[in-house]
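Here the structure is laid out as structure tokens; the discussion comes afterwards.
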Amino acid sequence: MRPVDLAREHGLSTQAVRNYEDAGILPAAARTRHGYRTYTPLHAQALRAFLALVPGHGHRTATSIMQAVNRGATEDALRLIDTSHGQLLDDRGTLQSVEAALRDLARVPQARGERARGGDTFIGPLARRLGIRPATLRKWENAGLVRPRRDPQTGYRVYGAADVRDVRLAHQLRRGGYLLEQIAPLIDQVRSAGGVAPLESMLRDWHARLSARGRAMLTGAAALDTYLRCRAVDDDHAGYVPEGADAASW
């Protein structure tokens, strides 16, 4: 089987197939006496497995999974898959947290001139509470995601209850993969609407993307399992010596 035979099935270039082999995504190919690569059905299944893994795990993790399998470290490959599933579970938890936060949203009027007290907080404690850096909060402020008032005597940023709500919402959306320029108008809508209606389509899209990722992981797992079975059969055949034959000469 030539590189072009593998490439044609997936609409790839022959160079891409060679690059995948060089990266360890495909097992090493045999060479003809003229130096041309020759591939087998095992290589074809390896390529199918890799391309099936990418949508669910991402290119980098899919590459690492295939590299581990091809060097015989199947347990390492399975750990990588487990890590991806754990991240997907975390992302589902993040989405649930966002939905819970949105359900609890309430417009909280704040007197901009009052000093930090009660539920108010400063940038350091708020950053520590969320596990982020104060510089991140300042960046979000510059992007319009949060608008803390300033203490009139010290000039320190003071985050009221509504500001903390906006920061928490921004934090959850960032964890969900949204960009600052996508988050800012959503938070503006929440501020003005005081409810979740403006974000319902975004939440539906987020649910759909997580579901698609989960389904893609199932597809990738099936393709990888087929490849592992093919490798096992290939190894069995490689070690097979017909009865009565000399092992050294077979």
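The two atoms that bring Ile81 and Leu224 nearest to each other are CD1-CD2, 3.5 Å, heavy atoms only. The shortest heavy-atom contact between Leu180 and Lys139 is CD1-CE, 3.8 Å. Considering every non-hydrogen atom in both Ala68 and Asp76, the closest pair reads CB-CB, 4.0 Å. The shortest heavy-atom contact between Val17 and Pro3 is CG2-O, 4.1 Å. Here the closest non-hydrogen pair linking Met217 and Leu88 is SD-CD2, 3.9 Å. Of all heavy-atom pairs spanning Leu145 and Asp166, the tightest one is O-CB, 3.8 Å.
Here the side chains of Trp140 and Ile132 are in contact, with some heavy-atom distance below 4.5 Å. Taking the side chain as every heavy atom from C-beta outward, Leu173 and Trp206 approach each other to under 4.5 Å. The shortest distance between side-chain heavy atoms of His43 and Thr40 falls below 4.5 Å. Thr121 has its side chain within reach of Arg129: a pair of non-hydrogen atoms, C-beta onward, lies under 4.5 Å apart. Residues Tyr39 and Asp5 form no side-chain contact, since every pair of their non-hydrogen atoms from C-beta on lies 4.5 Å or further apart. Looking only at side-chain heavy atoms (C-beta outward), Pro134 and Arg138 come within less than 4.5 Å of each other. Taking the side chain as every heavy atom from C-beta outward, Arg157 and Leu137 never approach each other to under 4.5 Å. Between Tyr159 and Asp120, the closest side-chain pair of non-hydrogen atoms is not below 4.5 Å.
Taking CZ of Phe50 as the start and CD of Gln67 as the end, the distance is 9.0 Å to the nearest 0.5 Å. With rounding to the nearest 0.5 Å, the separation of CG in Asn19 from CD1 in Ile25 is 9.0 Å. With rounding to the nearest 0.5 angstrom, the CZ atom of Arg92 is 8.5 Å from the CG atom of Leu95. In this structure, CG in Leu47 is found 7.0 Å from CD in Glu9, a value given to the nearest 0.5 Å. A distance of 13.0 Å separates CZ in Arg174 from CG in Leu169, rounded to the nearest 0.5 Å. Note: Thr32 OG1 to Arg2 CZ = 12.5 Å, rounded to the nearest 0.5 Å.
Between Arg79 and Asp82, no side-chain nitrogen of the basic residue sits less than 4.0 Å from a carboxylate oxygen of the acidic one, so the salt-bridge criterion is not met. A salt bridge links Asp205 to Arg209: at least one charged side-chain nitrogen sits closer than 4.0 Å to a carboxylate oxygen.
In this structure, the side chain of Thr219 does not engage the main chain of Ala52 through any donor-acceptor pair within 3.5 Å. Side chain of Arg231 to main chain of Val69: a donor-acceptor pair is present (N/O by atom type, distance under 3.5 Å, no hydrogens or angles). Panel note: side chain Glu21, backbone Ala29; a donor-acceptor pair is recorded below 3.5 Å.
Looking at Asp91, Asp90, Thr83 one by one, the single match for side chain to side chain donor-acceptor pair (under 3.5 Å) with Gln87 turns out to be Asp91. Checking each of Met66, Arg60, His59 against Thr63 for a side chain to side chain contact (heavy atoms under 4.5 Å, CB included) leaves exactly one that passes, namely His59.
Residue Leu210 is not grouped with residue Val54 when hydrophobic side chains (ILVMFWY) are merged at heavy-atom distances under 4.5 angstrom, including chains of intermediate members. Side-chain heavy atoms closer than 4.5 Å link hydrophobic residues (I, L, V, M, F, W, Y) into clusters, and following such links, possibly through other members, connects Tyr20 to Met1.
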request  = Verify side chain to side chain contact (heavy atoms under 4.5 Å, CB included) between Thr136 and Leu130, making sure each step is shown before the conclusion.
outcome  = CA-CA 11 Å; Thr136 299; Leu130 297 176; over 6 Å; no

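Crowding of Arg229 atom CZ: a count of heavy atoms from other residues, nucleotides or ligands under 6.0 Å not exceeding 12. For Arg133, the CZ atom counts as loosely surrounded, since its 6.0 Å shell holds 12 or fewer non-hydrogen atoms of other residues, nucleotides or ligands.
Sequence neighbours left out, not one pair with a member in residues 23-35 passes salt bridge (charged side-chain N to carboxylate O under 4.0 Å, His left out).
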